Amino acid sequence: WIFILILLGIVFIYVVGGVIFMYVTTKELTFPNCEFWTYFFELVREGFLFVGHGCKKSGGGAATAGSYDDIGASAGGASASFQGSTASYQPATGGDASPKRDYTDL
């Protein structure tokens, strides 16, 4: 119970202090970080729906990200979005021009 009381006290101080700060700076009585909290609770709701539907993706919502396989598909893939060429790339040589071995992670 002590943890709950401390948490409620912190939330109360955050809300009251935020409202006072917003009033002093903007002359409006508004909830502190209203856009963030609105978006946050939409994401929490979607998280519960995601778990409730057996962790399967459903369309729409606040966090509408496609699957990992969809990345680059709308841009025509990585090769279509890359316009440069590495054929003329010459690595810079330091003080000595001796060839160095490539680093390999064993």
Side-chain angles (χ1 to χ4, degrees):
W1 286 106
I2 293 174
F3 175 74
I4 300 296
L5 291 174
I6 291 173
L7 186 64
L8 288 175
I10 290 172
V11 169
F12 179 77
I13 291 171
Y14 170 78
V15 171
V16 171
V19 168
I20 292 171
F21 177 78
M22 293 298 288
Y23 182 74
V24 169
T25 57
T26 63
K27 302 295 184 214
E28 296 178 6
L29 286 174
T30 59
F31 191 81
N33 301 313
C34 185
E35 297 85 19
F36 167 78
W37 290 111
T38 303
Y39 189 68
F40 175 76
F41 287 117
E42 286 177 14
L43 291 175
V44 169
R45 183 186 136 272
E46 285 186 18
F48 278 108
L49 290 174
F50 177 75
V51 171
H53 289 113
C55 297
K56 297 189 184 198
K57 181 181 170 194
S58 63
T64 56
S67 70
Y68 184 77
D69 295 332
D70 294 340
I71 296 175
S74 62
S79 61
S81 63
F82 179 70
Q83 301 297 325
S85 172
T86 59
S88 63
Y89 172 73
Q90 295 294 323
T93 56
D96 73 64
S98 64
K100 305 252 192 268
R101 288 182 29 168
D102 291 336
Y103 173 79
T104 58
D105 193 12
L106 301 176

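Nothing here was measured: the structure is a model prediction, and the numbers come from that model.
Val15 and Leu7 are not part of a single hydrophobic cluster, where members link through side-chain heavy atoms under 4.5 Å apart. Neither Leu8 nor Val16 shares a network with the other; the hydrophobic side chains, linked directly or stepwise wherever heavy atoms of I, L, V, M, F, W or Y lie under 4.5 Å apart, form separate groups for each.
Residue Ile20 holds its CD1 atom at 10.0 Å from CG of Leu29, rounded to the nearest 0.5 Å. Here the straight-line distance linking atom OG1 of Thr38 with atom CG of Asn33 works out to 10.5 Å at 0.5 Å rounding. The CD1 atom of Ile6 sits 14.0 Å away from the CH2 atom of Trp1 when rounded to the nearest 0.5 Å.
Note: Phe40 and Trp37 have perpendicular aromatic rings, judged against thresholds of 30 and 60 degrees for the angle between ring planes.
More than 12 heavy atoms of other shown residues, nucleotides or ligands fall within 6.0 angstrom of atom OH in Tyr14. By the neighbour-count criterion of 12 heavy atoms within 6.0 Å, atom CZ of Phe3 is sparsely surrounded, having that number or fewer from other residues, nucleotides or ligands. Residue-environment remark: CZ (Phe31) exceeds the threshold of 12 foreign heavy atoms within 6.0 Å.
Val19 approaches Thr30 most closely through the heavy-atom pair CG2-O, 3.6 Å. For the pair Leu49 and His53, the tightest heavy-atom approach, listed with the atom from each and the gap, is O-ND1, 2.7 Å.
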